[in-house]
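Below you'll find the structure, written out as structure tokens, and then a few comments.
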Amino acid sequence: MKRDCSRQTPVQGRFVLAAAMLVAVMNRNAGNPSTVGAFTAVSYQSSSSFVSRAVPGSFKSRRRTSASSTCRQSMSATATDNDTAKNTANNKVMKDNSFSESGKFRPNPVVVSAKAEALSHSPTTMKLTPSYDLFQILTEEEGGELPQKMEGNALRDGTVLKVGMPDSLEGLQLMDYIDGKIKIETLPDPFKMVEKELQPFSDSISELVSSDQPILSMAAKHFFEKRHGKRFRPTIVQLVAKACAAAMPEQIFAEVGGGVAGWEWSGASDIELEGGVVTSANHQGSEVWRRQAQLGQIVEMIHVASLIHDDVLDEADTRRGGESVHKLYSNKVAVLAGDYLLARASVLLARLENTAVVQIMATALESLVAGEIMQLKSPPKALLEMESYLRKSYYKTASLICYAGRSTALLGGHAYGSTVATACEEFGFHLGLAYQIQDDILDFTALASVLGKPALADMDLGLSTAPILYAAQEYPHLRPLVMRRFKNKGDKQTALEALYKSKTAMNKAKDLAKFHAQKAVDALLRLPQSDSRDALVRLTHLVITRKK
């Protein structure tokens with residue numbers, strides 16, 4: 001059944017509620033000073049060299065304000081949001097700012113008013129920059145370029161962490177594996193590497209989401225027990241955790257209150273291991289390892305909650321080859337099951353005892369809301385823009401993966417702006433986009449029985465993805481169809497005929513996926529070589545060569 005994209009539903013409000021829960025979790029952790037990112041100078045220490053660099057800008061950290069002060073700020077933000085006149089003015093400013101100086105459209109979905117967003121921050125909160133403003137989102141041929149240096153992307157030197165360490169994959173080109181010049185089987189299998197660690201995953205996560213209400217409990221556990229898939233995201237978190245353990249943390253110092261502070265202001269977790277540093281030798285089974293594994297569970301909970309809610313919004317009948325939760329039970333039960341998973345994820349997130357990680361993962365949850373709003377409410381002009389499509393893909397898919405990557409590094413004792421943490425977020429950003437683009441290609445090329453969900457689902461929802469957007473560049477008569485979301489009779493058929501007639505559209509979409517996959521590999525190669533890092537390279541290859 002086709003969904004009316006203009007129709008409002010209560011599910012977006014559920015995501016906003018969950019984001020509010022995570023903010024409350026941050027207030028709960030406000031007494032922990034070890035999680036505020038603040039640094040003005042960065043030094044790299046290895047066994048054979050020592051290099052110092054300045055980082056452009058800094059997080060201005062101070063002692064934390066009281067929870068009551070933060071609560072008053074939150075209340076003030078709510079009051080401001082209810083002011084209709086101010087909201088109208090803010091929305092106009094955001095709309096005007098959607099166009100760059102060159103006149104090019106820059107999608108900028110409004111979730112919270114600018115005034116409310118400013119009031120929700122205190123002097124000690126991390127003001128995160130979206131990953132698409134940190135890393136390259138479009139190819140050079142399509143006008144893409146590397147963003148300017150700032151806190152989240154300044155440290156991207158590929159040699160700093162590998163001084164004196166050989167790397168057999170240096171300069172790796174993923175196309176060599178895709179074309180068969182080198183067999184991908186020469187790299188470690190990512191799923192087999194963490195198979196034993198993830199084997200009890202279903203049992204433990206089922207226990208974590210158990211409820212006294214049988215129907216709610218069964219609905220919440222559905223994907224974890226019967227339709228668990230390959231556990232793609234927990235596998236990434238586990239492998240990133242191992243890859244981070246193989247990298248020596250950079251020494252980061254910051255000026256705080258006139259003195260020099262060390263790790264406590266970097267956003268990195270305190271490491272209670274011998275020597276105060278996580279290594280490949282002491283990582284397995286440690287408290288750090290446990291918390292990183294728990295982060296993998298949290299990420300999966302958030303992801304599954306978003307799937308359950310999305311299926312209600314999209315009125316989808318199937319998911320992962322079986323019936324969707326709302327078809328098995330009801331819309332109300334499905335929405336409550338998703339809410340419950342988000343609530344449990346919030347509680348578990350608080351128990352990681354790292355406020356910086358809570359803020360980062362709360363932003364990931366907010367990004368899911370932004371993606372849904374962008375999908376529902378983008379103006380017609382935006383529907384033709386490749387950058388708009390990629391930003392929506394970032395919000396809905398890549399944000400959770402890349403923020404989980406940065407958070408995993410922080411839990412492993414690496415500072416927010418470190419080379420390691422930056423590489424982890426950049427890898428997740430490009431991997432997530434490559435995954436979504438490949439998913440959108442398969443929507444046109446794979447059978448529904450293989451995909452485990454309806455084929456051509458995006459077009460049924462009035463959405464245009466990379467293949468259609470490239471076809472519209474070649475055939476201008478498709479543009480009005482895209483802008484009206486294929487609402488007229490025969491629109492979808494016309495678009496499909498043009499796509500399959502095109503000799504370039506599908507290849508361009510595949511090239512875009514390969515571009516992001518290579519960028520993901522480039523980020524990984526800044527880390528020291530390890531089996532886990534090389535397994536992530538193989539996982540990236542799998543993402544863009546999969547058939548379902």
Side-chain angles (χ1 to χ4, degrees), residues 46 158 160-162 165-170 172 174 177 182-201 230-250 268-269 271 273 277-297 299-300 401-414 418-432 434-435 517-543:
S46 73
V160 166
L161 299 172
K162 301 193 290 185
M165 300 179 183
D167 189 342
S168 64
L169 299 186
E170 190 70 40
L172 179 149
L174 204 55
Y177 291 92
I182 308 174
K183 290 189 176 296
I184 194 64
E185 291 77 16
T186 59
L187 300 179
D189 186 307
F191 296 103
K192 286 185 178 179
M193 179 167 287
V194 296
E195 185 177 19
K196 291 183 179 179
E197 296 171 41
L198 291 181
Q199 204 161 16
F201 182 86
K230 280 200 168 186
R231 306 184 183 106
F232 179 70
R233 288 157 187 81
T235 297
I236 291 174
V237 171
Q238 290 279 48
L239 290 172
V240 167
K242 292 175 182 294
C244 288
M248 196 70 178
E250 301 106 305
S269 291
I271 304 301
L273 292 171
V277 175
V278 181
T279 66
S280 296
N282 65 15
H283 179 239
Q284 185 76 25
S286 67
E287 180 64 14
V288 172
W289 175 84
R290 186 196 67 78
R291 289 180 179 177
Q292 290 170 325
Q294 187 163 303
L295 176 64
Q297 293 176 324
V299 169
E300 189 70 359
I401 299 173
C402 67
Y403 282 137
R406 176 94 66 170
S407 296
T408 302
L410 265 62
L411 291 174
H414 297 275
S418 65
T419 304
V420 172
T422 299
C424 290
E425 180 174 340
E426 187 172 359
F427 162 70
F429 171 74
H430 291 296
L431 180 75
Y435 184 97
Q518 183 60 50
K519 285 287 187 181
V521 168
D522 293 344
L524 284 175
L525 293 182
R526 295 202 291 273
L527 301 176
Q529 186 165 24
S530 63
D531 284 346
S532 51
R533 187 208 69 171
D534 293 354
L536 286 168
V537 172
R538 182 167 174 176
L539 185 66
T540 306
H541 174 272
L542 174 64
V543 160

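Note: hydrogens, waters and symmetry copies are ignored here, and every other heavy atom, side chains too, is used.
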Between L295 and S407, the two heavy atoms sitting closest are CD2-CB, 3.8 Å
For F429 and C402, the nearest pair of non-hydrogen atoms, with its separation, is N-CB, 3.2 Å
When L525, V521, L524, D522 are each screened for side chain to side chain contact (heavy atoms under 4.5 Å, CB included) with F427, the one that passes is L524
- Item | Step-by-step side-chain contact (heavy atoms from CB on, under 4.5 Å) determination, V278 to S286 | CA-CA 9 Å; V278 181; S286 67; 5.6 Å; no
Smallest heavy-atom separation, I271 atom then G412 atom, equals CD1-C, 3.8 Å
| said: Could you check whether any side-chain heavy atom of L198 comes within less than 4.5 Å of a side-chain heavy atom of P234, counting everything from C-beta outward? | reply: yes
Heavy-atom closest pair (A241 atom, Q292 atom, distance to 0.1 Å) is CB-OE1, 3.2 Å
Discussion item. Looking at E250 and T419, would you say the former's side chain and the latter's main chain have a donor-acceptor pair under 3.5 Å?
Written reply: yes
| Is there a side-chain hydrogen bond (donor to acceptor under 3.5 Å, both in side chains) between Q284 and K242 once you walk through the steps? | CA-CA 8 Å; Q284 185 76 25; K242 292 175 182 294; 3.1 Å; yes
- Item | Sidechain-backbone polar pair: H414 side chain, C244 backbone, donor-acceptor under 3.5 Å | yes
- Task: State plainly whether the residues E287 and R290 are in salt-bridge range, i.e. N to O under 4.0 Å.
- Result: yes
The reported gap from CZ in F191 to CG in L239 (rounded to nearest 0.5 angstrom) is 8.5 Å
- Message: With a 4.5 Å cut-off on side-chain heavy atoms, are Y177 and T186 touching?
- Response: yes
Which of L536, L539, V537 passes side chain to side chain contact (heavy atoms under 4.5 Å, CB included) with L187? Answer is V537
ask   = Any side-chain heavy atom of K162 sitting closer than 4.5 Å to one from R526?
value = no
Working note: E300 + F232, criterion side-chain contact (heavy atoms from CB on, under 4.5 Å); need CA distance, chi angles, decisive distance, verdict.
CA-CA 9 Å; E300 189 70 359; F232 179 70; over 6 Å; no
Look at the side chain of Q529 and the backbone N and O of S168, then say whether any donor-acceptor pair between them is shorter than 3.5 Å. yes
Nearest heavy-atom contact between P528 and L161 is CG-O, 3.5 Å
Value for OG1 (T235) from CD (E195), rounded to nearest 0.5 Å, stands at 10.0 Å
CD1 of I184 to CG of L542, rounded to nearest 0.5 Å, is 9.0 Å
R533 side chain vs L527 backbone, donor-acceptor pair below 3.5 Å:
yes
The salt bridge (charged side-chain N to carboxylate O under 4.0 Å, His left out) partners of E425 (sequence neighbours excluded) come to R406
Shortest non-hydrogen pair, A243 vs S530, comes out as CA-OG, 4.1 Å
Q.
Using a 3.5 Å distance criterion without hydrogens, assess whether the side chain of N282 forms a donor-acceptor pair with backbone atoms of V277.
A. yes
